Student: 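Below: one structure in structure tokens.
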Amino acid sequence: MNLEEILFPENLEEADRIQAALLPKLKLIPLKKKPKMIAAADAAFSEHQVIAGVCLFSFPELELLETRVAVEPLTFPYRPGYLSFCEGPAIFKAISRLKHKPELLLLDGQGIAHPRKMGLATFIGILLEIPSIGCAKSILVGQFQDPRIKKGNYSEIVYRGEIMGYALRSRTGAKPIFISPGHLITPQESLNLIQLCLSEYRIPEPLRQAHFLSQKIKLAHL
DNA sequence: GCGACAG
DNA sequence: ATCTTGTCGC
């Protein structure tokens with residue numbers, strides 16, 4: 001199965017085959033090296049296009065080093081459980097355009113906290129063979145206790161008896177965000193690294209910047 | 001069958 | 001995600 005076939009399934013059945021075929025490649029092992037460069041990616045949409053933006057930062061300083069974008073036609077409409085086929089092509093291309101190679105990827109969506117453990121972060125992490133973390137604004141599957149109101153508190157996301165990630169209070173008083181490992185990283189490391197990326201807002205700074213970037217490029221295309 | 005459902 | 005202004009609260 002080549003890259004083209006993986007990124008562009010013709011229907012849900014093919015998408016299922018692809019997710020099942022990639023699952024054996026998933027490895028939730030400790031990071032081999034402390035990341036010095038991390039990249040965050042997000043996507044914006046117009047009627048028939050997906051606009052992906054990726055921002056690369058030094059870590060842990062979080063100084064912006066590089067940004068890239070990619071605008072691709074929307075070939076697969078969004079459906080819960082299949083986000084990677086909707087945003088994946090554009091995000092994959094944007095990340096591929098980076099001159100520097102990130103040692104960790106942050107994606108706007110789930111990692112293994114997914115019905116088939118194949119959320120956007122896991123999917124992209126496996127395709128690029130780069131450690132990745134999923135950071136979503138809402139839950140897809142699993143149960144969790146509401147973390148206490150103060151920033152820094154968290155609780156486990158449990159699905160089918162397994163800990164798939166954490167609900168994290170990233171800002172005092174705000175709704176929690178949902179962290180799950182994507183690939184080549186552990187749940188605990190994922191939580192720790194995301195906390196190191198928090199500023200005064202609910203969304204981790206790298207992802208906020210990627211969001212602004214894709215939004216800005218989208219407007220420029222209108 | 002009913003309800004849930006990343007972006 | 002996207003369509004959209006002001007407004008209530010810490």
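Proteins come first, then strands; the chains are lettered A, B, ... in the order of their sequence lines, and each starts at number 1. From a predicted model like this one, the values you see are computed outputs, not experimental measurements.
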Student: For each nucleotide in nucleotides 4-10 of chain C, reading 5' to 3', give B when a protein heavy atom comes within less than 4.0 Å of its base, S when such contact involves only the sugar-phosphate, and - otherwise.
Tutor: -------
Student: In Å, rounded to the nearest 0.5 Å, how long is the span from CD1 of A/I51 to CD of A/Q215?
Tutor: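 It comes to 8.5 Å.
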Student: More than 12 heavy atoms of other residues, nucleotides or ligands under 6.0 Å from CZ of A/R148: is that the case?
Tutor: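 No - once you tally the heavy atoms of other residues, nucleotides and ligands closer than 6.0 Å, there are 12 at most.
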Student: What is the ring orientation for A/F123 with A/F85, classed by angle as parallel under 30°, tilted 30 to 60°, or perpendicular over 60°?
Tutor: perpendicular
Student: Any non-hydrogen side-chain atom of A/P102 less than 4.5 Å from a side-chain atom of A/I38?
Tutor: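 Side chain of A/P102 against side chain of A/I38, heavy atoms only: no contact under 4.5 Å found.
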Student: Do any N or O atoms from the side chain of A/R169 and from the backbone of A/A174 form a donor-acceptor pair under 3.5 angstrom?
Tutor: yes
Student: For A/A113, answer base if it contacts any base atom (sugar-phosphate contacts may also be present), sugar-phosphate if it contacts only those atoms, and nothing otherwise; contact means non-hydrogen atoms under 4.0 Å.
Tutor: nothing
Student: State, to 0.1 Å, how close A/I124 and A/G88 come at their nearest heavy-atom pair, and which atoms those are.
Tutor: CD1-O, 4.1 Å
Student: Does the distance from a Lys or Arg side-chain N to an Asp or Glu carboxylate O, for A/K93 and A/E72, drop under 4.0 Å?
Tutor: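 Between A/E72 and A/K93 there is a salt bridge, with a charged N closer than 4.0 Å to a carboxylate O.
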Student: Under 6.0 Å from the CD atom of A/Q143, do we count more than 12 heavy atoms belonging to anything else shown?
Tutor: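 Atom CD in A/Q143 is not crowded, with 12 or fewer foreign heavy atoms closer than 6.0 Å.
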Student: Angle between ring planes, A/Y154 versus A/Y166, binned at 30° and 60°: parallel, tilted or perpendicular?
Tutor: perpendicular
Student: Work out which heavy atom in A/I18 is nearest to a heavy atom in A/E5; give both atom names and the distance.
Tutor: CD1-O, 3.2 Å
Student: Protein-nucleotides 4-7 of chain B N/O pairs closer than 3.5 Å?
Tutor:
from, atom 1, to, atom 2, distance (Å)
B/dA6, OP2, A/Y78, OH, 2.6
B/dA6, O4', A/Q110, NE2, 3.4
B/dA6, N7, A/G81, N, 3.1
B/dA6, N6, A/G81, O, 3.3
B/dA6, N6, A/Y82, N, 3.3
B/dA6, N6, A/L83, N, 3.2
B/dA6, N6, A/H114, NE2, 3.3
B/dA6, N1, A/L120, N, 3.0
B/dA6, N3, A/Q110, N, 3.0
B/dG7, OP1, A/K137, N, 2.7
B/dG7, OP1, A/K137, NZ, 3.4
B/dG7, OP2, A/S138, OG, 3.0
B/dG7, O3', A/E87, OE2, 3.2

Student: Scan residues 215-222 of chain A against DNA chain C and write down, sorted by residue number, each residue with any heavy atom closer than 4.0 Å; if none is found, say none.
Tutor: A/Q215, A/K218
